[in-house]
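Note that the structure is predicted; figures quoted are calculated from it, not measured. FYI, the numbering just counts along the sequence from 1.
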Amino acid sequence: MILPVFRLEEYLSQWEFNAPYLLCCSDAESRSLEEILSLADDESKLLWSRLHLGYTEVKGLPILRNEIAKLYQGLDLENIVCYAGAEDGIFCSMQALVKEGDHVIVLTPCYQSLEDLPRHFGARVTAVRLKEENKWQIDIKAIEDALTPSTRLIIINFPHNPTGAVLTDDQASALIDLARKRGIYIFSDEVYRLLGLSSTTWGLPIAVRYERGVSLGVMSKAFGLAGLRIGWIVTQDKDLLHQAEIAKHHTSICNSAPSEVLSLIALRSKDALLSRNIEIVDKNLGLLDDFFHRHGDRFSWVRPQGGCVGFVHYKAHRPIDELVEALVHKQGVLLMPSRIYDFPGNYFRIGFGRKNMPSALVRFEAFLEEWE
């Protein structure tokens, strides 16, 4: 089976480095190499200065995996394999989890590979769509209704891309109870975990809570270090982890040695990195609250609870693609229409994790004064 065109990546390859203002970006504000190195402690400075640019360990640098494990209470480096970004981790996890004839349930809208890859590996996929009228919250009953005797895997993503919904402790417990009774795995894309409003309280990752849970993490989103291309999967199921490691032999093989050390430095300073990005999110969400209040006749949204993206309903009769195309050509501001998520209706993704969002929002508002 040939993999389909990746709509999101194709869209961004056209515009990401051409549009001056990315009002749709899904990652937090990044840092320079100089800034990251300035955070290094003595041990990591020594690792950096003596870095050998050969092959690295397939599972990932042990000292880095030890640092990642601190994000997963009760687990250790033997529960973790590192990958070349989140996409590599998704691909290898699906290769390990899914076989021909399995049934997989995935919550949509979602990052396209979460839905396409299980199908590519031979599974029958049922999409359970999150609904705006339910504030984009997970619907346990809808998932239960979608179960079949061959259901092998449930795929979730919280904080959710593109809506910013989060999974509560009660919802996580109900989902795990549903899966545990049937021996079903849960793959949890948690790349936005720890990024949100300063008032957000975070529950435990799925990999910590459930023996058949798999958590996906990455340096790209909450930490704003997408250029490092370091991600990881975490699970208590070491047989599954080994199969996902074997799959990595056919993709990236190993990670970039400089990126592993830089990720170690960043994670050892995670509180500083996250606090700066959370401050940006707090400020930008306040600006968006005011913006959507002023333009309530045109737009509505369910205010995101986590991450740095939201899903906005464009209430006009004109197609959202017309607005998106005109905006990028007239003001250099890029939004992401809902067709990228194969989601019907007039919606678009907006990103608020970067420092230049206020400038992009000013240009968007100027555009709206002349539009329609």
Side-chain angles (χ1 to χ4, degrees), residues 26 86 90 93-94 97 103-118 123 125-148 151-197 199-217 221-222 233-235 300-313 338 341-345 347 349:
S26 63
I90 295 170
S93 296
M94 295 304 142
L97 279 163
H103 176 241
V104 174
I105 296 170
V106 58
L107 301 189
T108 61
C110 67
Y111 189 63
Q112 186 176 333
S113 59
L114 295 176
E115 185 175 4
D116 282 352
L117 286 176
V125 176
T126 298
V128 173
R129 185 170 289 166
L130 302 179
K131 298 178 180 179
E132 182 181 17
E133 58 266 31
N134 195 32
K135 299 186 183 297
W136 306 115
Q137 291 294 301
I138 190 170
D139 186 338
I140 302 297
K141 181 63 166 56
I143 294 173
E144 184 174 18
D145 290 344
L147 292 173
T148 76
T151 303
R152 163 82 169 170
L153 174 66
I154 299 169
I155 300 174
I156 64 173
N157 161 219
F158 293 101
H160 185 247
N161 175 4
T163 70
V166 301
L167 188 70
T168 67
D169 280 339
D170 287 345
Q171 290 167 343
S173 295
L175 181 64
I176 290 168
D177 287 345
L178 192 68
R180 182 176 282 132
K181 291 174 184 176
R182 298 162 177 81
I184 296 170
Y185 283 90
I186 300 174
F187 183 89
S188 180
D189 177 342
E190 298 167 357
V191 298
Y192 289 101
R193 188 172 182 274
L194 304 180
L195 179 65
L197 291 168
S199 58
T200 303
T201 300
W202 299 101
L204 293 173
I206 289 294
V208 174
R209 300 178 66 122
Y210 181 39
E211 63 276 7
R212 288 199 170 192
V214 181
S215 290
L216 174 76
K221 302 301 185 183
I233 63 168
V234 186
T235 182
S300 66
W301 77 339
V302 178
R303 195 175 197 259
Q305 301 166 297
C308 59
V309 293
F311 213 37
V312 181
H313 184 201
S338 54
Y341 286 89
D342 196 26
F343 191 86
Y347 293 85
R349 186 178 83 179

Going from [atom1] on [X] to [atom2] on [Y], what distance comes out if it is rounded to the nearest 0.5 angstrom?
X    : Y    : atom1 : atom2 : result
T126 : I154 : OG1   : CD1   : 11.0 Å
E144 : D177 : CD    : CG    : 11.0 Å
I143 : I184 : CD1   : CD1   : 10.0 Å
R193 : T200 : CZ    : OG1   : 11.5 Å
I138 : N157 : CD1   : CG    : 10.5 Å
H103 : L153 : NE2   : CG    : 10.5 Å

Any residue meeting side chain to side chain donor-acceptor pair (under 3.5 Å) with [X], in chain and number order, not counting sequence neighbours:
X    : result
E132 : Y347
Q171 : Q137, T168
R212 : none
Y185 : D237

Backbone N or O of [Y] within a donor-acceptor pair of the [X] side chain at under 3.5 Å?
X    : Y    : answer
H160 : C110 : no
S215 : A207 : yes
T235 : G213 : yes
E190 : I206 : yes

[X]: what forms a salt bridge (charged side-chain N to carboxylate O under 4.0 Å, His left out) with it, not counting sequence neighbours?
X    : result
K181 : none
D169 : R209
D170 : none
R303 : D289

Minimum heavy-atom distance V309-S26, with the two atoms named: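 In this case the closest contact between V309 and S26 is CG1-CA, 3.6 Å.
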Which atom of I176 lies closest to which atom of Y210, heavy atoms considered: CG2-CD1, 3.7 Å
Student check: side-chain heavy atoms of [X] and [Y] closer than 4.5 Å:
X    : Y    : result
F187 : L114 : yes
F158 : D189 : no
P162 : P109 : yes

Check against side-chain contact (heavy atoms from CB on, under 4.5 Å), V214 and V234: CA-CA 6 Å; V214 181; V234 186; over 6 Å; no
Test side-chain contact (heavy atoms from CB on, under 4.5 Å) applied to [X] - qualifying residues, sequence neighbours left out:
X    : answer
A142 : V128, D139
P118 : M94, V98, V104, A123, V125, I155
V166 : P159, Q305

Given Y192 and C308, is the side-chain contact (heavy atoms from CB on, under 4.5 Å) satisfied, shown in steps? CA-CA 8 Å; Y192 289 101; C308 59; 3.8 Å; yes
Intermediate values then yes/no, ring-ring contact (aromatic ring centres under 6.0 Å, His included), F311 and W136: CA-CA 10 Å; F311 213 37; W136 306 115; 5.7 Å; yes
Got a sec, which residues hit ring pair (Phe, Tyr, Trp, His ring centres under 6.0 Å) with Y111, two or more places apart in sequence or on another chain? F6
Stepwise, does the side-chain contact (heavy atoms from CB on, under 4.5 Å) test hold for T163 with V302? CA-CA 8 Å; T163 70; V302 178; over 6 Å; no
Between Y341 and N161, does any side-chain donor sit less than 3.5 Å from a side-chain acceptor?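 Yes.
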